[in-house]
There are 2 protein chains.
Amino acid sequence: MGNETTRREELLVVAARLFSRKGYHATSMQDIADELNILRGSLYHYIESKEGLLYELMELGIQTLMERVRPIVESDLPPDEKLARLIQQHTVTIASYPDFMAVFLHELKSLSPPRRERILAYRQEYDHLVRRILVEGVECGVFRPVDVRVVSFALLGMVNWVYQWYSPDGPRSAEEIGAIFANVVLQGVLERPEK
Amino acid sequence: MGNETTRREELLVVAARLFSRKGYHATSMQDIADELNILRGSLYHYIESKEGLLYELMELGIQTLMERVRPIVESDLPPDEKLARLIQQHTVTIASYPDFMAVFLHELKSLSPPRRERILAYRQEYDHLVRRILVEGVECGVFRPVDVRVVSFALLGMVNWVYQWYSPDGPRSAEEIGAIFANVVLQGVLERPEK
DNA sequence: CCACCAATCAAACGGTTGTTTGGTTCTCAC
DNA sequence: GTGAGAACCAAACAACCGTTTGATTGGTGG
């Protein structure tokens, strides 16, 4: 780790930025090479192919997300606390690595079937983590008896959308946004009468 | 209207399907022409350019959404009822035209700046509609004093994400999904003690 | 000082891209 | 039955694509 970045990591970061801003197919090897001040053929000293590069970026994205969220799910906190922390952690992670996360969320269709299958497996694993919390909460009566599948999609849409509008210069930090999200999902927006 | 579809409308439908499945840049004029059984040069009898075609599809998407949602916002229903109906209508619209909506939500970055600006204006207009309901609800005490900006993004993420997973063959109709969404946003998932 | 190796260049490859041009076919109104 | 216009073809255009090959550079350990 430390402060040194290898040339290869530099390549990955540049590619993630370009892929997320312009899209995978709209970004040429030329574009990436220009940013690194080398010729486009030279990129193949670091990567196997353009699509291999895309796959690597997406795998990095989903793995980062998963290793940050899994400990929460497997902890022994009460379900409502787990859900709140998951929502917040997911939000913060997306805000921390917006380029990688945008690529991961956007470019699944740009992968060839075998690689797409592998990323889809990751994604389903992650979906399962989210649902486990909901099932747990409903079973022990902390949550109302909601449709777990639909609510988990609602939740994922809410947090995944963050990369579309979040800016570090905005009025709220990623932590605050995560907390607001969690609050809405748990309590709803409706004001309640005293009794 | 009626049952007759012109060749041009056929083109738009085919293009929307291909753009949404493979992405704009990954879809060639060849691909579109093949689907219509003509040569790719012949497409220019109907459209001005590939990007002009994309713009037209996106405009169709956002306009459809807006003309279905605006009457709800401008009605004189109470804010909680307005919000529930907006969420449901948005969900149903996305489920009804998934190809057009996916293109509208995904391909903004594929437009050149002038056209992108115009679509962005539509989108901001739509965002404004959503926020108006929230502000209204907070002001008259029906909603808790939430951060309107962040909550509106939460809400939009939730409903926009629908195109990623909805299937007409799934266990729930778009109307049901919309109702579940509205319920979560209004009430939250938390069970509440009797008193 | 030599040998190695990572990093990069230079040049070419076959293929595809979006778009233009000018001509052809077909249908239908008058 | 002739003129008009819509629908489409055939062919070409320059530009760019991802990838491969073999040579070259510069630094570093022995």
Side-chain angles (χ1 to χ4, degrees), chain A residues 2-59 103 106-116, chain B residues 2-59 103 106-116:
Chain A
N3 217 1
E4 51 172 335
T5 43
T6 67
R7 194 78 165 127
R8 183 161 205 283
E9 288 165 6
E10 213 178 326
L11 195 169
L12 295 182
V13 169
V14 164
R17 188 174 66 235
L18 290 175
F19 285 173
S20 84
R21 306 237 161 130
K22 317 182 18 167
Y24 171 73
H25 283 288
T27 304
S28 64
M29 300 302 276
Q30 188 77 259
D31 294 333
I32 302 174
D34 284 352
E35 206 103 340
L36 296 166
N37 284 112
I38 56 176
L39 298 189
R40 72 186 194 276
S42 310
L43 293 172
Y44 290 82
H45 186 255
Y46 300 96
I47 61 166
E48 166 226 351
S49 67
K50 191 187 179 190
E51 200 209 307
L53 168 59
L54 174 62
Y55 176 79
E56 197 168 339
L57 297 179
M58 297 186 64
E59 198 175 37
V103 171
H106 249 80
E107 299 292 356
L108 226 157
K109 57 171 171 286
S110 304
L111 286 177
S112 60
R115 289 206 175 94
R116 188 188 318 161
Chain B
N3 216 4
E4 53 172 334
T5 42
T6 68
R7 194 78 167 129
R8 183 162 205 281
E9 289 165 5
E10 212 176 329
L11 196 168
L12 294 184
V13 169
V14 164
R17 188 174 64 235
L18 289 175
F19 285 173
S20 83
R21 307 235 161 132
K22 317 183 16 169
Y24 171 73
H25 283 287
T27 304
S28 65
M29 300 302 275
Q30 188 77 257
D31 294 333
I32 302 174
D34 285 351
E35 207 103 340
L36 295 167
N37 285 111
I38 56 175
L39 298 189
R40 72 186 196 274
S42 309
L43 294 171
Y44 289 83
H45 186 255
Y46 301 95
I47 61 166
E48 166 225 354
S49 67
K50 191 188 179 188
E51 201 209 306
L53 168 59
L54 173 63
Y55 176 79
E56 197 168 337
L57 297 179
M58 297 185 63
E59 198 174 37
V103 171
H106 249 80
E107 300 291 356
L108 225 155
K109 57 174 172 288
S110 305
L111 286 177
S112 61
R115 289 206 176 94
R116 189 187 319 161

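So that the names make sense, note that chain A is the first sequence line, chain B the second, and so on, each numbered from 1. Being a predicted model, the structure only gives us computed values, none of them experimental.
Atom C1' of nucleotide D:dA6 and atom CG of B:L43 are separated by 15 Å, given to the nearest angstrom. What separates CD1 of A:I38 from P of C:dT8 is a distance of 5 Å, to the nearest Å. When the C1' atom of C:dT17 is taken as reference, atom CD1 of B:I32 falls 13 Å away, rounded to whole Å. Taking atom CG of A:D34 as the reference point, atom P of D:dC16 lies 12 Å away to the nearest angstrom. Straight-line distance from the CG atom of B:L53 to the P atom of C:dT17: 16 Å, rounded to whole Å. Between B:L54 atom CG and C:dT19 atom P the separation is 12 Å, expressed in whole Å.
Listed here is the closest heavy atom pair of A:K22 and A:T27: CB-OG1, 3.8 Å. Counting all heavy atoms, side chain and backbone alike, B:H106 lies closest to B:K109 at O-NZ, 3.6 Å. Here the closest heavy-atom approach between residue B:A15 and residue B:I32 is recorded as CB-CD1, 4.2 Å.
For the pair A:M58 and A:V103, the minimum side-chain heavy-atom distance is below 4.5 Å. Put simply, the side chain of B:E35 reaches to within 4.5 Å of the side chain of B:R17, judged on heavy atoms.
Dashed line: the shortest gap from a side-chain N or O of B:H45 to OP1 or OP2 of D:dA7 is under 4.0 Å. Of the side-chain N and O atoms in B:R8, none sit less than 4.0 angstrom from OP1 or OP2 of D:dA6.
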### Query
Where along nucleotides 17-22 of chain D does protein come under 4.0 Å, by heavy atom, of base (B) or sugar-phosphate alone (S), with - for untouched nucleotides?
BBBB--

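Note: B:R7 CZ to B:I38 CD1 = 5.5 Å, rounded to the nearest 0.5 Å. A distance of 9.0 Å separates CG in A:D34 from CG in A:L39, rounded to the nearest 0.5 Å.
Within the 3.5 Å criterion, the main-chain N or O of B:L111 finds a donor-acceptor partner in the side chain of B:R116.
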### Which nucleotides of DNA chain D pair, in dot-bracket form (Watson-Crick or G-U under 3.5 Å, | meaning another strand)
||||||||||||.|||..||||||||||||

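Note that B:K50 lies in the cation-pi zone of B:Y24, set by a 6.0 Å cut-off to the ring centre and a 45° limit from the axis.
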